[in-house]
Amino acid sequence: MKIATWNVNSLKVRLPHVLQWLAQEQPDVLALQETKTEDTSFPATDLEAAGYRVVYSGQKTYNGVAVLSRQPAADPVTDIPGLDDPQRRILAVTVDGWRVVDLYVPNGSEVGSEKYGYKLDWLGKVRDWLHAESQKHPRLVVLGDFNIAPDDRDVYDPKAWHEKILCSTPEREAFRGLLGLGLSDTFRQFEQPEKSYTWWDYRMNGFKRNLGLRIDHILASEGIRQDCRVCRVDTAPRALERPSDHAPVVAEFRCG
DNA sequence: ATGGTCGGTAACCGA
């Protein structure tokens, strides 16, 4: 089972990159964030022609998540029970007995802002929901744009980002809270190159200078963490013309 | 030097 996550920052603009990447990598599952596409204009036909089933939860202008899968996706959930939120940020589906939870965690804007409060509240409610999901599904993968750099080694300049958004202690505690559900940060199960990141600001030639943060993650439940064979960032799409500001992250699991 | 670049959408907001 090869499963990946990619914040595409507009699926309409990035569709050629996504189709190219699917053809090259042939993942079993690809979770997308920031599709910025209403469901009525989701490019289902193009993706199905590429051999993928599509499930999506979008809205106008902002947010939007989708899961592409080679096998059919069952039991979709688009809302956290008990959280009445118009923002389309979560999508859970079951593929081949694997529960896949696609998250687009709020950015939070600035520490202490209203959006920051929403982010922390949202993360708390997601944690409660994922606790219930983990009881129901022994094979659980939680992946997406978490908008949290878990550790200083996930930040190109930890001093400059000290207690800044994406790096603040409450955000990192919320991330550790998810790990406390028995979820493993699959990227850190393996030796990795130093200065591995998944997002680089469009400004200041951030990618060329590798001024990045690792904020996109693939978490695996206790039942499958030992089956994870590799987790890596694919920086190649970030170097293309007109790229997303995020790179895909891929994890491969031994099956059965 | 406190900027800078994208995407969506139509003057700015969000990231």
Side-chain angles (χ1 to χ4, degrees), chain A residues 5-21 30-44 46-47 56-66 85-91 102-123 126 143-150 154-168 170-172 174-175 197-217 233 235-249:
Chain A
T5 178
W6 195 3
N7 179 322
V8 290
N9 187 16
S10 170
L11 182 54
K12 185 182 175 185
V13 172
R14 227 65 66 196
L15 185 60
H17 289 190
V18 171
L19 291 171
Q20 183 189 347
W21 194 80
L30 173 59
L32 302 175
Q33 305 87 38
E34 281 207 272
T35 54
K36 297 186 177 180
T37 307
E38 287 184 297
D39 291 348
T40 50
S41 50
F42 189 89
D46 297 285
L47 293 163
Y56 39 89
S57 178
Q59 66 182 93
K60 195 177 180 182
T61 310
Y62 303 116
N63 309 314
V65 284
D85 188 353
Q87 300 193 32
R88 304 291 81 198
R89 296 182 174 278
I90 71 146
L91 180 56
D102 181 11
L103 299 182
Y104 177 45
V105 177
N107 173 282
S109 187
E110 281 182 50
V111 173
S113 67
E114 188 180 332
K115 289 188 172 68
Y116 182 74
Y118 165 69
K119 179 179 193 174
L120 294 179
D121 182 61
W122 191 95
L123 283 163
V126 163
L143 76 174
D145 178 359
F146 286 69
N147 269 314
I148 300 171
D154 302 312
V155 182
Y156 71 92
D157 187 346
K159 282 185 179 171
W161 285 78
H162 180 70
E163 294 300 336
K164 295 286 197 300
I165 197 66
L166 315 183
C167 301
S168 72
E171 291 168 273
R172 287 177 169 177
F175 185 82
Y197 309 122
T198 66
W199 169 84
W200 303 259
D201 199 301
Y202 283 124
R203 296 168 288 191
M204 299 288 287
N205 285 316
F207 180 66
K208 280 183 182 170
R209 300 161 63 195
N210 199 27
L211 308 180
L213 274 64
R214 191 177 71 92
I215 58 176
D216 301 86
H217 308 297
V233 182
T235 56
R238 186 62 178 82
L240 297 172
E241 284 291 313
R242 215 177 175 195
S244 169
D245 45 354
H246 294 251
V249 183

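Please read all numbers here as calculations on a predicted model, not as lab measurements.
Between the CG atom of A/Asp157 and the C1' atom of B/dT2 there is a distance of 15 Å, rounded to whole Å. At whole-Å resolution of the value, NZ in A/Lys164 and C1' in B/dA15 are 17 Å apart. A/Asn107 has its CG atom 16 Å from the P atom of B/dC13, to the nearest Å. The separation between A/Glu171 atom CD and B/dA15 atom P is 13 Å, rounded to whole Å. Distance A/Glu114 CD to B/dG14 P: 10 Å, rounded to the nearest Å. Between the CD1 atom of A/Ile165 and the P atom of B/dG14 there is a distance of 14 Å, given to the nearest Å. Look at CG on A/Leu211: it is 15 Å from P on B/dC6, rounded to the nearest Å. In this entry the distance linking CH2 of A/Trp200 with C1' of B/dC6 reads 16 Å, nearest Å.
Between the side chains of A/Gln33 and A/Asp145, no donor-acceptor pair of N or O atoms lies under 3.5 Å. A/Trp200 and A/Tyr156 are not linked by any side-chain donor-acceptor pair at a separation below 3.5 angstrom, with hydrogens and angles left out of the test. With 3.5 Å as the limit, one finds a donor-acceptor pair spanning the side chains of A/Glu171 and A/Ser168.
Taking for each of A/Asp145 and A/Lys60 the nucleotide of DNA chain B with the nearest heavy atom, the 5'-most of the two is the partner of A/Lys60. Each of A/Pro243 and A/His246 was assigned the nucleotide of DNA chain B with the nearest heavy atom; the assignment lying further toward the 5' end belongs to A/Pro243.
A pairwise comparison of heavy atoms in A/His217 and A/Thr5 identifies O-CG2, 4.1 Å as the closest pair.
Note on A/Lys115: a side-chain N or O is less than 4.0 Å away from OP1 or OP2 of B/dG14. Note on A/Arg14: a side-chain N or O is less than 4.0 Å away from OP1 or OP2 of B/dG7. For A/Arg203, no side-chain nitrogen or oxygen approaches OP1 or OP2 of B/dA15 to under 4.0 Å.
Distance check on atom C1': B/dA1 versus B/dC12 gives 25 Å, rounded to whole Å. Spacing of C1' atoms, B/dA10 relative to B/dG14, comes out at 15 Å, to the nearest Å.
The side chain of A/Met204 has B/dG4 as its nearest neighbour among B/dA15, B/dG8, B/dG4.
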Next item on the list: Apply side chain to side chain contact (heavy atoms under 4.5 Å, CB included) to A/Arg172 and A/Cys167, showing your working.
Entry: CA-CA 7 Å; A/Arg172 287 177 169 177; A/Cys167 301; 3.9 Å; yes
